[in-house]
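Structure first, commentary second.
Residues take their numbers from the sequence shown, with the count starting at 1. Just so it is clear, the structure is predicted and the values come from calculations on it, not from any experiment.
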Amino acid sequence: LAWAGEEGVAVHGYADVLSGTSSDSTPETQRLRGLSLGNIDLVFAPQFQGKTRAFAEIVYEPTAATGEMKVDLERAQLGYAFGGLTAWAGRFQTPLGYWNTLSGHGGEEQLTILRPRFLDFSDRGGVMPVRTVGIWAHGAEHVGEAGKFIYDLFATNGARITGYDSTTSPATLGSLDDNLSKSDSSGLFGGALAFDFEQPGLSGLRLGVHAVGGTVRAYSSSTYA
């Protein structure tokens with residue numbers, strides 16, 4: 001769904017209904033039973049004159065336990081284009097490989113019905129910092145008719161683990177906190193380099209590498225030690 005008036009900002013929307021079943025009775029998997037409403041995802045891409053860029057994503061997401069809708073500002077980024085390079089600042093999805101920047105919260109944007117478990121969002125049990133706040137440079141350079149190089153560099157807030165307690169038996173497992181509104185002086189940095197083939201017979205093929213590093217601190221509660 002896309003809408004734009006004669007004046008104003010174009011709005012793209014996604015919504016989905018899920019159906020499934022599970023033999024597990026835990027609250028996390030109960031949401032897979034029967035029918036349920038998925039995310040309602042609104043994407044805004046304002047068009048500015050010149051080289052300024054902007055992007056925002058607001059998601060209405062049902063809670064697993066009750067199905068009540070909560071509102072999250074998932075992405076809010078402002079950029080400036082320098083030729084084939086765009087420098088972004090704000091809150092965005094971490095450019096980890098191919099999947100994470102391709103797929104937002106809308107089910108129609110994804111290559112599969114559900115996101116891969118390890119790339120799921122932290123409030124759904126994901127283990128990777130797939131969204132963050134910081135700066136990000138993204139660019140592309142064409143190589144004749146063969147294709148184009150695509151590259152990313154980023155430096156952002158680092159994630160942390162809260163709720164971990166090694167003194168209990170068994171140990172109390174923690175959960176990932178993306179540090180989207182704060183930072184405990186940990187950081188995340190990395191980059192990616194890929195080549196998109198555009199030759200006949202290879203069109204659609206992408207080969208690349210990416211690297212990410214940082215410090216992840218663990219806390220026994222949701223507050224800083």
Side-chain angles (χ1 to χ4, degrees), residues 1-14 39 41-59 71-106 108-111 119 121 128-159 178-183 187-199 202-214:
L1 173 66
W3 174 87
E6 295 182 358
E7 297 181 358
V9 178
V11 179
H12 299 266
Y14 304 90
N39 295 336
D41 188 16
L42 301 178
V43 176
F44 303 84
Q47 300 298 312
F48 297 105
Q49 294 183 351
K51 299 181 178 181
T52 303
R53 306 286 186 266
F55 188 88
E57 181 181 20
I58 297 175
V59 176
V71 183
D72 284 332
L73 176 62
E74 293 295 344
R75 286 186 276 183
Q77 53 195 86
L78 186 66
Y80 191 84
F82 303 87
L85 169 71
T86 302
W88 294 97
R91 175 170 170 167
F92 49 82
Q93 290 186 190
T94 316
L96 302 173
Y98 175 73
W99 178 282
N100 197 46
T101 51
L102 173 71
S103 302
H105 284 69
E108 294 82 355
E109 297 178 282
Q110 299 173 173
L111 298 177
L119 282 179
F121 299 102
M128 296 291 290
V130 297
R131 51 189 175 184
T132 189
V133 174
I135 55 175
W136 167 30
H138 172 78
E141 187 70 32
H142 282 271
V143 183
E145 297 181 355
K148 61 182 178 182
F149 282 104
I150 299 174
Y151 53 91
D152 296 282
L153 291 172
F154 63 90
T156 68
N157 285 358
D178 295 312
N179 272 335
L180 297 175
S181 61
K182 55 196 174 301
S183 177
L188 189 72
F189 57 89
L193 177 65
F195 189 80
D196 271 1
F197 291 87
E198 298 176 349
Q199 297 171 321
L202 294 176
S203 179
L205 174 63
R206 174 181 291 186
L207 298 176
V209 295
H210 76 270
V212 60

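- Within the 4.5 Å cutoff, no side-chain heavy atoms of Phe44 are placed close to those of Arg75.
- Looking at heavy atoms from C-beta onward, Phe195 lies in side-chain contact with Val143 at the 4.5 angstrom threshold.
- Of the residues Thr156, Asp152, Thr94, the one that meets the side chain to side chain donor-acceptor pair (under 3.5 Å) test with Trp136 is Asp152.
- When atom types are taken as modelled, the side chain of Asn100 and the backbone of Val130 share a donor-acceptor pair closer than 3.5 angstrom.
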Would you please test Leu188 and Val212 for side chain to side chain contact (heavy atoms under 4.5 Å, CB included) and show each step? CA-CA 7 Å; Leu188 189 72; Val212 60; 3.6 Å; yes
Carefully, step by step, assess Asp178 and Phe121 under the rule side chain to side chain contact (heavy atoms under 4.5 Å, CB included). CA-CA 9 Å; Asp178 295 312; Phe121 299 102; over 6 Å; no
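- Distance check: His210 NE2 to Phe154 CZ gives 8.0 Å after rounding to the nearest 0.5 Å.
- The closest donor-acceptor contact from the side chain of Asn157 to the backbone of Asn179 lies under 3.5 Å.
- Other residues, nucleotides and ligands place more than 12 heavy atoms under 6.0 Å from the CD atom of Gln199.
- Rounding to the nearest 0.5 angstrom, the gap separating the NE2 atom in His138 from the CG atom in Leu153 is 11.5 Å.
- Phe48 and Thr52 get closest at one heavy-atom pair: CB-O, 3.7 Å.
- For the side chain to side chain contact (heavy atoms under 4.5 Å, CB included) with Ile58, the qualifying choice from Val43, Val11, Asp72, Val71 is Val71, the only one to do so.
- Contact detail for Tyr151 and Gly84: the closest heavy-atom pair is OH-O, 4.5 Å.
- One finds the CZ atom of Arg131 at 4.5 Å from the CD atom of Glu74 (value rounded to the nearest 0.5 Å).
- Here Gln77 contributes atom CD and Phe92 contributes atom CZ; the two are 7.0 Å apart, rounded to the nearest 0.5 Å.
- Side-chain contact between His12 and Asp41: absent, with no pair of heavy atoms (C-beta onward) separated by less than 4.5 Å.
- Atom CD1 of Ile135 sits in a sparse spot, with 12 or fewer heavy atoms from other residues, nucleotides or ligands closer than 6.0 Å.
- For Leu78 against Ala54, the heavy-atom pair with the smallest separation is CD1-CB, 4.1 Å.
- Inter-residue side-chain proximity for Arg206 and Ile150 is flagged as met; some heavy-atom pair is nearer than 4.5 Å.
- When every heavy atom of Ala140 is checked against every heavy atom of Lys148, the shortest pair comes out as CB-CD, 4.4 Å.
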